[in-house]
There are 2 protein chains.
Amino acid sequence: MRADARKNYSHLLAVARDVISEHGVDASLRDIARKAGVGLGTLYRHFPTREALLEALLRANLDELTRRASELETMSSPDDALVSWFREAVGFTHSYSGVVNLMAAALADPDSALHASCTTVRSAGARLLQRAQAEGMARADLDGADLLALIGALAWVRDQFSFAPRADHLIDFIASAILTERPGSGATKR
Amino acid sequence: MRADARKNYSHLLAVARDVISEHGVDASLRDIARKAGVGLGTLYRHFPTREALLEALLRANLDELTRRASELETMSSPDDALVSWFREAVGFTHSYSGVVNLMAAALADPDSALHASCTTVRSAGARLLQRAQAEGMARADLDGADLLALIGALAWVRDQFSFAPRADHLIDFIASAILTERPGSGATKR
DNA sequence: ACCTGAACACCGTTCAAGT
DNA sequence: ACCTGAACACCGTTCAAGT
């Protein structure tokens, strides 16, 4: 990678971080190139798709989320670990508005630049969920995909101006519902 | 209203129904006008904003949803009524993809053409919720806004291709969590 | 009264031309 | 190798001109 290319790449990323923080994942790519003082084609050369740009922006955060899952797996009780991670995952989506839509689409599309990172996060969450389920601490009728769907659903709530004030409360609500056994099935394992 | 205007109005509405069913609430207005064989300005004359167009498309459905709430209030037990209505509300959002985003925005904006219909639906849901809460059948720490947020959240799940298959299951999950008392608070009213 | 479509200011995406 | 920006095909929104 030539020196000028390297410089353009990192500067584009920095500008994109600002613009997308402010305007969400549907921010104008033209605007990003303009603010970076770079030709539009240069942005497309470095990031052939919008997903590719967001993948570069999110990779570190998604990796961190995966790492945190492993950490919690050894450091906390299964129920606390699951709920803590769940909260952190919803919090993470706060970084760029609309990011969960992109992640949901990426899960369905193996060709998306975000696909790998997203499935990794899903697996990390699924492991925490299974650990809690094995101890009878979480509902048995949920899987890793459900966990991610709930994270996305709560991120959606948080993204809506009118619902945002209640988002934290609904996170508590759903987190406790994940841990609660089904009503009527009083039986617990062990 | 002149005869030609009346005809354009209803034809535009019919075409919009088709196009928005297929492409969601962000469908191209130009495309709608084109397919209706009408000048672009004519669409804007009848529906000055996108919300105005959707309000015309949704009013009947939203009114029906409000009516159903009243009906269920007299016909079913408080818990069944609440859960049935909740399911119907999520089902309603299936009509046009992305419609919940518009509704959430309308709740926050009193000037939106959709504002009145949305607050009416919220009130209808809140009444069903309060009725169930009064009998100790629903969690006391939820309000009408929470109920709508949960409906929107589940509609979001359903809108995502990758999560849609689990949507029905998550609706069951959340519906039962609404009815379940808080873990630890074994006390029930009456 | 009502309709029309050009005009304006934006997009995303591609690609020939430059260095 | 890499960068540039014009070109193309789209938007939403407005509004002078027509009937």
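Quick caveat, the model's predicted, so the values are computed rather than measured. Chain A is the first sequence line, chain B the second, and so forth, proteins listed ahead of strands; every chain is numbered from 1.
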Original post:
Would you call B/K35 and B/D18 a salt bridge, using N to O less than 4.0 angstrom?
Top reply: no

Subject >> Separation of C/dA6 P from B/R30 CZ (nearest whole Å) >> reply: 10 Å

**OP:** Applying side-chain contact (heavy atoms from CB on, under 4.5 Å) between B/W85 and each of B/V90, B/D80, B/L129, B/I151, report the one that passes.
**Re:** B/I151

Original post:
NA contact type, A/A3, heavy-atom cut-off 4.0 Å: base, sugar-phosphate, or nothing?
Top reply: nothing

Interface polar pairs with nucleotides 16-18 of chain C, N/O, under 3.5 angstrom:
none

Subject >> Close side-chain approach of A/L62 to A/F92, heavy-atom, < 4.5 Å >> reply: yes

**OP:** Measure up the A/W156 and A/F163 rings against each other and bin them: parallel (under 30°), tilted (30 to 60°), perpendicular (over 60°).
**Re:** tilted

Original post:
Taking CG from B/L53 and P from D/dT13, how many angstroms apart are they, rounded to a whole number?
Top reply: 11 Å

**OP:** Round to the nearest Å and state the distance from B/L29 atom CG to D/dG12 atom P.
**Re:** 5 Å

Original post:
What is the nucleic acid contact for B/A33, judged by heavy atoms within less than 4.0 Å: base, sugar-phosphate only, or nothing?
Top reply: nothing

Original post:
If we only count heavy atoms from C-beta on, is the B/Q160 to A/N101 side-chain gap below 4.5 Å?
Top reply: yes

Subject >> Interatomic distance, B/F47 CZ vs D/dT13 P [rounded to whole Å] >> reply: 15 Å

Polar atom pairs (N or O), protein with nucleotides 1-4 of chain D, under 3.5 Å:
unit_1, atom_1, unit_2, atom_2, d
D/dA1, N3, A/R2, NH1, 2.9
D/dC2, OP1, A/R2, N, 3.1
D/dC2, OP2, A/R45, NH1, 3.4
D/dC3, OP1, A/N8, ND2, 2.3
D/dC3, OP2, A/H46, NE2, 3.3
D/dT4, OP2, A/G39, N, 2.7
D/dT4, OP2, A/T42, OG1, 2.7

**OP:** Just name whichever nucleotide pairs with C/dC10, Watson-Crick or G-U, keeping both distances under 3.5 Å, else none.
**Re:** none

Original post:
So do the side chains of B/S112 and B/E55 get within less than 4.5 Å of each other, counting heavy atoms only?
Top reply: no

**OP:** Considering just the side-chain nitrogens and oxygens of A/S28, establish if one lies under 4.0 Å of OP1 or OP2 belonging to C/dC10.
**Re:** no

Original post:
Applying a 3.5 Å limit to both distances, which nucleotide forms a Watson-Crick or G-U wobble pair with D/dC15?
Top reply: C/dG5

Original post:
Between the side chains of A/D141 and B/H169, does any donor sit under 3.5 Å from an acceptor?
Top reply: yes

Subject >> Name of the residue among A/I20, A/L114, A/L29 meeting side-chain contact (heavy atoms from CB on, under 4.5 Å) with A/R50 >> reply: A/L29

Original post:
Got a salt bridge between A/R34 and A/D31, using NZ or NE/NH1/NH2 to carboxylate O under 4.0 Å?
Top reply: yes

**OP:** Give the rounded distance in Å between these two atoms: CG of A/D31 and C1' of C/dA9.
**Re:** 14 Å

